[in-house]
Amino acid sequence: MKYRFFPIIYKVRKCLVRKFILGCILCVMLVVHTGCVATTFPMHDPIYPASGENITFSIEASSSEGIDRVELYELVSSINAAGTVTTGTETFLTQWNLIGSPSSTTRSYTKTGGYSANKLVRYRFEVTNGAGRTRSHDVTFAIRPYPVPDQPVPIFIQGDVDHVFDVVFIPDADITNMTTFRGHCKGMIEDAVLDEPSVEDWCRQFNFYINPDTGVATDYDRIAIDGLHQVPANWANLSFAEVKVLMHQNNLRDYASGGLFSTEQQNRGTMMHEAGHAMFGLADEYPSGAHWQASEFPNNWSTLAGAQADAPSRHKTTADAVQMGTSGWYKICNSGCQMNNSGLVPTNYDEPCDDRVVYAIIDNAINP
Amino acid sequence: MRVTKYTTFLLVIVTVLVVSSGCATVMRDQKFASNRKKVEKNTPPFDPAYFRQADRKHLAIFFEVKDGRLVLSDRPAQVRPARMPYRSPTTGDVVVVYRDAGGKQIGRYAISDPVVARSCDVDKGRKGAVARLQKGTVEILVPYDPEISTVEIAPKEGKFTSFKVGARIKSGLRLTN
Ligand SMILES: [Zn+2]
């Protein structure tokens, strides 16, 4: 039966449908408004600048409410050999007023002549979105040379040490070009850790350092002859860090032991695989690796039934549960997951691993 | 356009589908926004003087590996700057429990087995491998707490081995003070 033969019912229904649709749209708009102010990715280049060297500060910002304005501030503090800090005053550097509130923007500013020695620099971007809400994001780094002996040098610091993941890049004694090494450290930050899709949303929860002392990586196949990795002389001062990565130049069969792992300096995939173990407690997803079942958000299961039972609540189906070789351990991530891969190019964590990553980031911040 | 029962039905279904999927995305975004807010609010700003703060420290207790087994070293415990790194109690293949002299548990966490070398270098056609260390030194971290008397270490769901570490901690503290 057609409504047009009953004009009143037709009008009432049409009106209800309109109200229903309008109500839904309003609800969505209301909920959207309580979402994220903006997503912000600040960076500076070079990552560990020498005194007097030009430094470029940049930010990638995006917001579903558009970006109206970006402001940049600096705070320069002095630090002496004892590590005593004399804090400066924050000053305004520049701002960009964006026409048409674009949903994303990339802005950069070069500080010609950089900063003098014995300085800690904090730069802060303040992003105002189209709804007038602001997000502030600051990063602290040291100017080279860093005056505090035997201390890891802060190169990209965002939060209190106890509440974030701390990553120390240790140069191997085989590194012949420290500029190249520092470039790879920057690459590990922006193209590996903070570029991982499940990590990038939480990018403020990570600190990065470069160690002043070198270590020596050995080859897994030569442990019996050459011994384990030689830790740097200031090892005790690195104990606080969740990740201690020994970055070397020579081609080795890399391994982890005693809280230290090695990688060729360009291997972002190895970095992310090992970071998966060291920061997030992820187990291996290949047959001859290290396996365990975490009690919260595991990525390995000791039984097929367990993996199948958890799969639907972990973005997968029961059919995704497979044994890793003949190990007696099971997984539901796909074969492209970073915990099944290492090497040059990062492959990202699959969704079940994402759950664990986010759990660990929140747990570290809330229950340090 | 003529509005029929059929077109109304379709319109409502499409709207419900679009809105519910939109709502699911929005709810996910909102949950993320609220979690991120909570996390960032709980994370104080970086304090450049952090590493000089005397109350932030932890202890390393040393063990020797003899024939693949852990033996408590004679070395005094070492006081180290800053708090110990984040250790989840819920993941890892070895559990560490530390107790006071009365046997009361002070804390526990889980880590990757410290008595192995694990190569996950599956690059260039290599295969991952895990080898148990037969010799060497292992350090186990615990919070800075002079009350810690024993440390128990066990493979997950395995039998705990208990080590009396109180004397090593006391001698380590004497060296520092
Ligand atoms: Zn691995």
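Naming convention: chains lettered A, B, ... in sequence-line order (proteins, then strands); numbering from 1 in each chain. Any value given below was found using the heavy atoms of this structure, including those in side chains, with hydrogens, waters and symmetry copies removed. Keep in mind it's a predicted model, so treat the numbers as computed, not measured.
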(message) Need one label for A:Asn267: side chain, backbone, both or neither, based on atoms under 4.5 Å from any heavy atom in chain B.
(response) side chain
(request) Sort out for me which of A:Gly269, A:Gly289, A:Ser342 touches chain B most, counting heavy-atom pairs under 4.5 Å. (result) A:Ser342
(message) So for A:Glu264, is it side chain, backbone, both, or neither that comes closer than 4.5 Å to the heavy atoms of chain B?
(response) side chain
(request) Report the option among A:Met339, A:Arg204, A:Glu296, A:His291 that has the most heavy-atom pairs separated by less than 4.5 Å from atoms of chain B. (result) A:Arg204
(request) Answer with side chain, backbone, both or neither: which region of A:Arg253 has an atom nearer than 4.5 Å to a non-hydrogen atom of chain B? (result) both
(message) At a 4.5 Å cut-off on heavy atoms, which part of A:Phe165 comes close to chain B: side chain, backbone, both, or neither?
(response) side chain
(request) Select one option (side chain, backbone, both, neither) describing which atoms of A:Leu238 are under 4.5 Å from chain B's heavy atoms. (result) neither
(message) Main chain of A:Ala290, side chain of A:Asp284: is a donor-acceptor contact present, judged purely on distance under 3.5 Å?
(response) yes
(request) Count the heavy-atom pairs under 4.5 Å between each of A:Thr84, A:Asn300, A:Asp138 and chain B, then report the option with the highest count. (result) A:Thr84
(request) Look up atom CD in A:Glu274 and atom OG in B:Ser112, then write down how far apart they are to the nearest 0.5 Å. (result) 9.0 Å
(request) Examine whether an atom of B:Asn35 lies under 4.5 Å from a heavy atom of chain A, and if so say whether it belongs to the side chain, the backbone or both; otherwise answer neither. (result) both
(request) Could you check B:Val116, B:Val115, B:Leu133 and say which one makes a side-chain contact (heavy atoms from CB on, under 4.5 Å) with A:Ser257? (result) B:Leu133
(request) Tell me, for B:Ala117 versus chain A, whether the close heavy atoms (under 4.5 Å) come from the side chain, the backbone, both or neither. (result) both
(request) Name the option with the most non-hydrogen atom pairs under 4.5 Å to chain A; the candidates are B:Ala82, B:Pro45, B:Ala129. (result) B:Ala129
(request) Give, as side chain, backbone, both or neither, the part of A:Met279 having an atom under 4.5 angstrom from any heavy atom of chain B. (result) backbone
(message) Tell me if a side-chain donor or acceptor on A:Ser239 pairs with a main-chain N or O of A:Trp235 at a distance below 3.5 Å.
(response) no
(message) Under 4.5 Å from any heavy atom of chain B, what part of A:Asn341 do you find: side chain, backbone, both or neither?
(response) backbone
(request) First locate atom CH2 of A:Trp202, then atom CG of A:Asn364, and finally report the distance between them rounded to the nearest 0.5 Å. (result) 12.0 Å
(request) Let me know if A:Thr263 has heavy atoms under 4.5 Å from chain B in its side chain, its backbone, both or neither. (result) neither
(message) Between A:Phe261 and A:His229, is the ring centroid distance below 6.0 Å?
(response) no
(request) Please check if the distance between the ring centroids of A:Phe240 and B:Tyr50 is under 6.0 Å. (result) no
(request) Count the heavy-atom pairs under 4.5 Å between each of A:Ile157, A:Ile366, A:Val161 and chain B, then report the option with the highest count. (result) A:Val161
(request) Mind telling me whether A:His277 and A:Trp292 have parallel, tilted or perpendicular rings, with 30° and 60° as the class edges? (result) tilted
(request) Test A:Asn237 against A:Gln151 for side-chain contact (heavy atoms from CB on, under 4.5 Å), laying out the working first. (result) CA-CA 6 Å; A:Asn237 288 347; A:Gln151 274 298 317; 3.6 Å; yes
(request) Check each atom of B:Lys57 against the heavy atoms of chain A and say whether the ones under 4.5 Å are side chain, backbone, both or neither. (result) neither
(request) Could you tell me which portion of A:Ile362 (side chain, backbone, both or neither) has an atom closer than 4.5 angstrom to a non-hydrogen atom of chain B? (result) both
(request) Look at the aromatic rings of A:Phe156 and A:Phe208 and report parallel, tilted or perpendicular, splitting at 30° and 60°. (result) perpendicular
(request) Among the options B:Arg56, B:Lys135, B:Arg87, B:Lys127, pick out the one with the most heavy-atom pairs lying under 4.5 Å from chain A. (result) B:Arg56
(message) At a 4.5 Å cut-off on heavy atoms, which part of B:Arg118 comes close to chain A: side chain, backbone, both, or neither?
(response) both
(request) Identify which of A:Gly281, A:Ala256, A:Ala82 forms the greatest number of heavy-atom pairs closer than 4.5 Å to chain B. (result) A:Ala256
(message) For the OG1 atom of B:Thr150 and the CG atom of B:Asp100, what is their distance to the nearest 0.5 Å?
(response) 8.0 Å
(message) Looking at B:Arg132 and B:Asp113, is there a salt bridge between them, counting it only when a charged N and a carboxylate O are closer than 4.0 Å?
(response) yes
(request) Using a cut-off of under 4.5 Å on heavy-atom pairs, state which of A:Gln158, A:Arg122, A:His163 scores highest against chain B. (result) A:His163
(request) Walk me through it: do A:Thr218 and A:Tyr255 pass the test side chain to side chain donor-acceptor pair (under 3.5 Å)? (result) CA-CA 9 Å; A:Thr218 59; A:Tyr255 69 94; 2.6 Å; yes
(message) With a 4.5 angstrom heavy-atom cut-off, is it the side chain or the backbone of A:Thr270 that approaches chain B, or both, or neither?
(response) neither
(message) Heavy-atom cut-off 4.5 Å, strictly under: side chain, backbone, both or neither for A:Ile79 against chain B?
(response) neither
(message) Please classify the contact between A:Ala241 and chain B as side chain, backbone, both or neither, with a heavy-atom cut-off of under 4.5 Å.
(response) backbone
(request) Tell me, for B:Arg52 versus chain A, whether the close heavy atoms (under 4.5 Å) come from the side chain, the backbone, both or neither. (result) side chain
(message) Measuring from atom CD1 of B:Ile169 to atom CG of B:Asp145, what distance do you get when rounded to the nearest 0.5 angstrom?
(response) 8.0 Å
(request) Flag yes if more than 12 heavy atoms outside A:Asn251 fall under 6.0 Å of its CG atom; otherwise flag no. (result) yes
(message) As an exercise: rank B:Lys41, B:Arg80, B:His58, B:Gln78 by heavy-atom pairs under 4.5 Å with chain A and give me the winner.
(response) B:Arg80
